[in-house]
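Within every chain, numbering begins at 1; the chains are lettered A, B, ... in the order of the sequence lines, protein sequences first and strands thereafter.
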Amino acid sequence: MTVESTAARTPRRSAGTTGTKSTAGKRAPAKKISATAKNAPGGDPELVQLLTPEGKRVKSAAYDKYVAGITPDELRGLYRDMVLTRRFDAEATALQRQGELGLWASLLGQEAAQIGSGRATREDDYVFPTYREHGVAWCRGVDPTNLLGMFRGVNNGGWDPNSNNFHLYTIVIGAQTLHATGYAMGVAMDGADSAVIAYFGDGASSQGDVAESFTFSAVYNAPVVFFCQNNQWAISEPTEKQTRVPLYQRAQGYGFPGVRVDGNDVLACLAVTKWALERARSGEGPTLVEAYTYRMGAHTTSDDPTKYRADEEREAWEAKDPILRLRRHLEASNHTDEGFFAELEAESEALGRRVREAVRAMPDPDHFAIFENVYADGHALVDEERAQFAAYQASFADAEGGN
Amino acid sequence: MTVESTAARTPRRSAGTTGTKSTAGKRAPAKKISATAKNAPGGDPELVQLLTPEGKRVKSAAYDKYVAGITPDELRGLYRDMVLTRRFDAEATALQRQGELGLWASLLGQEAAQIGSGRATREDDYVFPTYREHGVAWCRGVDPTNLLGMFRGVNNGGWDPNSNNFHLYTIVIGAQTLHATGYAMGVAMDGADSAVIAYFGDGASSQGDVAESFTFSAVYNAPVVFFCQNNQWAISEPTEKQTRVPLYQRAQGYGFPGVRVDGNDVLACLAVTKWALERARSGEGPTLVEAYTYRMGAHTTSDDPTKYRADEEREAWEAKDPILRLRRHLEASNHTDEGFFAELEAESEALGRRVREAVRAMPDPDHFAIFENVYADGHALVDEERAQFAAYQASFADAEGGN
Amino acid sequence: MAETMTSKSLPLAKAINESLRRALETDPKVLVMGEDVGKLGGVFRVTDGLQKDFGESRVIDTPLAESGIVGTAIGLALRGYRPVVEIQFDGFVFPAYDQIVTQLAKMHARSLGKVKLPVVVRIPYGGGIGAVEHHSESPEALFAHVSGLKVVSPSNASDAYWMMQQAIQSDDPVIFFEPKRRYWDKGEVNTEAIPGPLHKARIVREGTDLTLVAYGPMVKLCQEAADAAAEEGKSLEVLDLRSVSPLDFDSVQASVERTRRLVVVHEASVFFGSGAEIAARITERCFYHLEAPVLRVGGYHAPYPPARLEEEYLPSLDRVLDAVDRSLAY
Amino acid sequence: MAETMTSKSLPLAKAINESLRRALETDPKVLVMGEDVGKLGGVFRVTDGLQKDFGESRVIDTPLAESGIVGTAIGLALRGYRPVVEIQFDGFVFPAYDQIVTQLAKMHARSLGKVKLPVVVRIPYGGGIGAVEHHSESPEALFAHVSGLKVVSPSNASDAYWMMQQAIQSDDPVIFFEPKRRYWDKGEVNTEAIPGPLHKARIVREGTDLTLVAYGPMVKLCQEAADAAAEEGKSLEVLDLRSVSPLDFDSVQASVERTRRLVVVHEASVFFGSGAEIAARITERCFYHLEAPVLRVGGYHAPYPPARLEEEYLPSLDRVLDAVDRSLAY
Ligand SMILES: Cc1ncc(C[n+]2csc(CCOP(=O)(O)OP(=O)(O)O)c2C)c(N)n1
Ligand SMILES: Cc1ncc(C[n+]2csc(CCOP(=O)(O)OP(=O)(O)O)c2C)c(N)n1
Ligand SMILES: [Mg+2]
Ligand SMILES: [Mg+2]
């Protein structure tokens, strides 16, 4: 049994998608930029929510339409995505403990933010992640085992960004928001109606690069969505060390709307991101989405959160668990049965096994990989050093042969 | 006849000033930071104005109190400051044309923004300028001839920043806003009730450093005023290349108020800056003031604005001239007479002469200055290179002597 | 060289301008971006007239933020564009240093070769124009040390024209240092000549007694030094490196094996400058050939001084000749 | 060394911790600031417990913005404070590079000596800990080339303790590179011994056949190499530079005049690295003494590789010994 992301995608990067729900094609002519940032639809809601922690569907005049046609099958799909992502994440954490990975950055608790936003993207959209967007990668159809290479230390990014329009993980905080903006400028120049989404954290909001990406995207009216997962912590620092007002408000001073969404509500994340992506497509420029969520685990496997935060905080957030919430909703709506959960459990197990096996089978890179891909067009010094390295390596073989 | 700034100040940098209007002393305990940025008093005025271009005093419920006690003498003082600053600036431009300066960055048109804000500062406040704040320097009592050293090419900043609490000119756009923020953090730590003011331009608003200074000042509630002179141009780029909404709005997303003031209205600039500085002193943290003004001249003497902007724009702004406006007001209020203007004219001439003479008399620096002040505690390599340089120089003397 | 239809005498700045124009004409993916590059045509007029002819979406005035400029250029390159980015002056490249070092330089390797970033970063550099602080620096060593980047600097109009063509065609990021004080120096440019490789040094003048190595603005000075030395009966070979990374050590070595003496000249501080790398490697390669240690002439370990001191700070004819004499005295 | 009341065995990281503690106790103007330095005590626990004991206004958790950290530290220094700034990892110093190069390094000179900026920038650096990208780099050359900065790197706990004391007391900005892979190595620290000068090299081991020069994490490797060579009857002198700028060329020269051979070892890429400067200058100073060219062992001109390749990338015992053999073969 192989397990694949529900929507494994064919590689493509240009516009004119055949994606099911897209009305792909030429970009709408950019609307005149309004002099003041319009707020998100429905005024300035402090927190957009479509599902309560108890799984109750609440109405939203502004956002309901973005999930109006959603089928039970699609809801189960979202549930499945979250469960499998969490399973993958847990497996990776375990693999780190077993020494198979050097490090792991868990997304535990952020499944709804990532699956909701990830599923809102269209095939021809382009995603710029941080180092934690395993759930978004899943939605984009990136084979999850590919994500593990950099954490195992066999590469610095093990997939072709253009195969799934999912850029490599970026570790330097905030840097990718500018890449996303530039990419989006290019999309607009091409006249395509694709959109771009850039992920970043609450901590990242302090980086100058993020501010500059706001400026560039606003000035060029670039079709980009800034998706900030405010998981309350930047390693040991609470969000108050980065801002004294809610982060979504940051956008307005740059001339585009910001909205805060319940980041543990997959439906709300899906709806709000769809809204923001549609703005981008229709020439209305950038949007900031702040997904209000929680990093349930450590920052990475190297981190020890007991040093800086209390258990009670975690417990309070557990009650808002994104997976539990959708499960309650599915059950209350009679959209699921025993079989569904049993099948999903088996699928999870299979995924775990596949990941485990794939990681263990991952070979160490060839030594000469050091010298590969430093330059696209070559570089004399790299060639020289590679040759020296080869001679040096060979000298051991000689010495051993000579013994 | 020597001409000095009206308020030449004794050097001092700590709190507890004896400045006339200050209620100096210990800092008020920082108020609890409110969760949302309060707007400037009087709501969200698009442009604070106290004097119309025709010189008519208009009422402002919010800001009148900050200039309520202003005397005719003080009004004449502001006028004098602006006239002398403009005279100084014109002289510097002329000196550049004559080859005495390598470059000059004229403040023409920005006199009100600079004199108004500069006069709002208290002796123990600290100022971080760009390269164009000649009017602020004047208010701080920096000898104007000191400003010319870097433009003549004899030094990179010719005054002791701590003598007048006026930092050196900073050329790297935006960098000084972080210095100001750090300095203000220090003021707060000291428990002093001084304030800090950082100048920057509309172009600078795009730099990541400026955004980071907003974040740091907000998070630490630092007593700093960000004074942005929006002179409509960053060299050849109009403000629309930096933002699509008015710049003062930028502050709100960082959790502190922003206000736009008529930058050609010296009274309004004085009042608004006083308000902002008082906020800082009383523990209310940072404020952004956008002084809406116009760069009447070229960016610097190296620039040719005819390449990128139309004469009509300049002409429209000439009608709003900051000096003319105050003159009309003074005359309408019968605060001046012929004698005042005549005396000021003579003073201007004297200032021009003094500047001219001082610049022409400015000696080239000693060659060994290259090696001076690279390090405070010395550096072996600098010593070695200085010695080599000396020997090399001496070899010419020897050679010449030998001829 | 006889002036042909395709050969003309151009100032170096204009040669770059024409090269950019040609690139914009030839390849719709080429973009020019930076502060004031549009209507103004750049503070040195290197991009003069380009926006007028190619429009605001090909020749882009950017917000005043260097990290943003390079960062968005990376994004545009990811989308298939070939941005040529202008940094207004040498001293203003540092806000972009993070994007250049951690992103631009490394993304090709990070992606195991999947991603290419054909971005050219133009930087007018060096002193000698009487400018204020931050407008006269030579930071090339700070880029050459970083793998993933290529670093070049033309010394004359023809190289400026052709090296820009090649830099834009390169699939690697190229830091293109333009010798601003030579912007107005005219040179013959043949726009049809097939150029040599981008990273190959060129013997500017042959000589037998000592090799002078330089690049960018210092090549002319070395030629003058060779002229002066010739009058004293010394035959100096002058080598124009053209490229700092990769650095054509083979050509330097070949020259030094003949002349047995080497002096390296650059404006940047000597300490940790290009001269150090050249001295170290050439000494290793030519240990038994060298009659004298490799000598270096460059800036001091001090900030670039105010304009009235720059003559003393910069390598000068006398300082080069002094080093030549010291080398020959071994 | 006998353990006295004031002498104790400490891991290098803890030695820095105690040095910071002492500085915070002694001078109320000393501040510690950076990302996660407070409650967490830093990702390497170097600032462990300091915020608890000195409070949030002396040990400051900052927003996640390196330019902001260094820029505000400059402002605090202007106000009379002595900030010790932590950059979390080597690869994250670049967003602060502009503030360091254009402001921190130059303000003293810019002000004609009126302003002093006693700021220490702590950077855990180097590889060998199996980390992900950006966490294993050695960017010291990028700071040494910049005048106005001092650049040091201790190799052991005692130096870590004392050099930090001296760096904080220095009125100049000091970039303090901490060899993160030696953080857990224990060493004897005498907290009352009067240390030597901050910028003086130290002979770690005397020898007669060849000099090995290193600093920071590579000193230990060189000691091991000297041990191994001794078994083969070769006597290597090991010099710990301790300071990269200023660089104690006198001590290197004195050693090389005796041993006549020099190998420099560092983790950073060889190209434009410290070894280049040392080779160039020592060759100039010791031209007639050197029996072999100065050889360099260091990283390749390639991005620091993924963890599973770092052993091949980093200088190793064998690579050092190989260079020793090559040098001795001349
Ligand atoms: C420029 C830079 N500085 C510091 C770091 C070290 N670092 C890695 S993750 C992190 C915290 C990021 O917090 P946030 O943006 O909230 O994202 P999260 O990890 O919570 O998803 C820090 C400081 C880095 N990677 N890059
Ligand atoms: C980091 C940096 N980039 C570029 C420059 C070149 N430069 C000098 S002034 C200027 C325009 C500044 O515009 P603005 O901030 O509006 O200030 P103004 O000159 O209008 O007073 C530019 C681009 C610089 N000094 N620093
Ligand atoms: Mg976070
Ligand atoms: Mg401006």
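Among T181(A), L381(A), V172(A), I171(A), the residue with the largest count of heavy-atom pairs under 4.5 Å with chain C is V172(A). For chain A, the option among Q103(C), H108(C), K114(C) with the highest count of heavy-atom pairs below 4.5 Å is H108(C). Looking only at heavy-atom pairs under 4.5 Å with chain A, the residue among A109(C), P83(C), S67(C) that has the most is S67(C). Most heavy-atom pairs under 4.5 Å with chain A, from the set R281(C), K116(C), R110(C), R58(C): that is R110(C). Ranking T102(C), L112(C), V70(C) against chain A, the residue ahead of the rest is L112(C), based on heavy-atom pairs under 4.5 Å. Heavy-atom pairs under 4.5 Å with chain C peak, among A380(A), A369(A), A180(A), A175(A), at A175(A). The choice from R285(C), K106(C), H199(C) that makes the most heavy-atom pairs within less than 4.5 Å of chain A is R285(C). In terms of heavy-atom pairs under 4.5 Å with chain C, the best-connected choice from N156(A), D377(A), V374(A), D209(A) is D377(A).
Of the two parts of Y169(A), only the backbone, made up of N, CA, C and O, holds a non-hydrogen atom closer than 4.5 Å to a non-hydrogen atom of chain C. With a 4.5 Å cut-off on non-hydrogen atoms, T177(A) does not touch chain C at all. With a threshold of 4.5 angstrom between heavy atoms, A73(C) does not approach chain A through any atom at all. Neither the backbone nor the side chain of D250(C) comes within less than 4.5 Å of any heavy atom of chain A. L31(C) touches chain A through its side chain: at least one heavy atom from C-beta onward sits under 4.5 Å away, while N, CA, C and O do not. With a 4.5 Å cut-off on non-hydrogen atoms, N155(A) touches chain C through its side chain but not through its backbone. For E384(A), the part lying near chain C is the side chain, with the backbone staying farther off; criterion is any non-hydrogen pair under 4.5 Å.
Within the 3.5 Å criterion, the main-chain N or O of N164(A) finds a donor-acceptor partner in the side chain of R140(A). In this structure, the side chain of E212(A) engages the main chain of G68(C) through a donor-acceptor pair within 3.5 Å. The backbone N or O of L78(C) lies less than 3.5 Å from no partner atom in the side chain of H179(A), so there is not a single donor-acceptor pair. The main-chain N or O of V210(A) is found under 3.5 Å from a side-chain atom of S213(A) such that the two form a donor-acceptor pair. Using modelled atom types, one side-chain atom of Q51(C) and one backbone atom of K39(C) make a donor-acceptor pair closer than 3.5 Å. Counting only distance, with no hydrogens or angles, the side chain of D61(C) and the backbone of G38(C) share a donor-acceptor pair below 3.5 Å.
Screening V30(C), V37(C), I168(C) against L20(C) for a side-chain contact (heavy atoms from CB on, under 4.5 Å) leaves a single residue, I168(C).
No more than 12 heavy-atom neighbours from other residues, nucleotides or ligands sit within 6.0 angstrom of CD on E56(C). Summarising the local packing, NZ of K29(C) is surrounded by more than 12 heavy atoms from other residues, nucleotides or ligands at distances under 6.0 Å.
Under the 4.0 Å criterion applied to side-chain N and carboxylate O atoms, K200(C) and D248(C) are assigned as salt-bridge partners.
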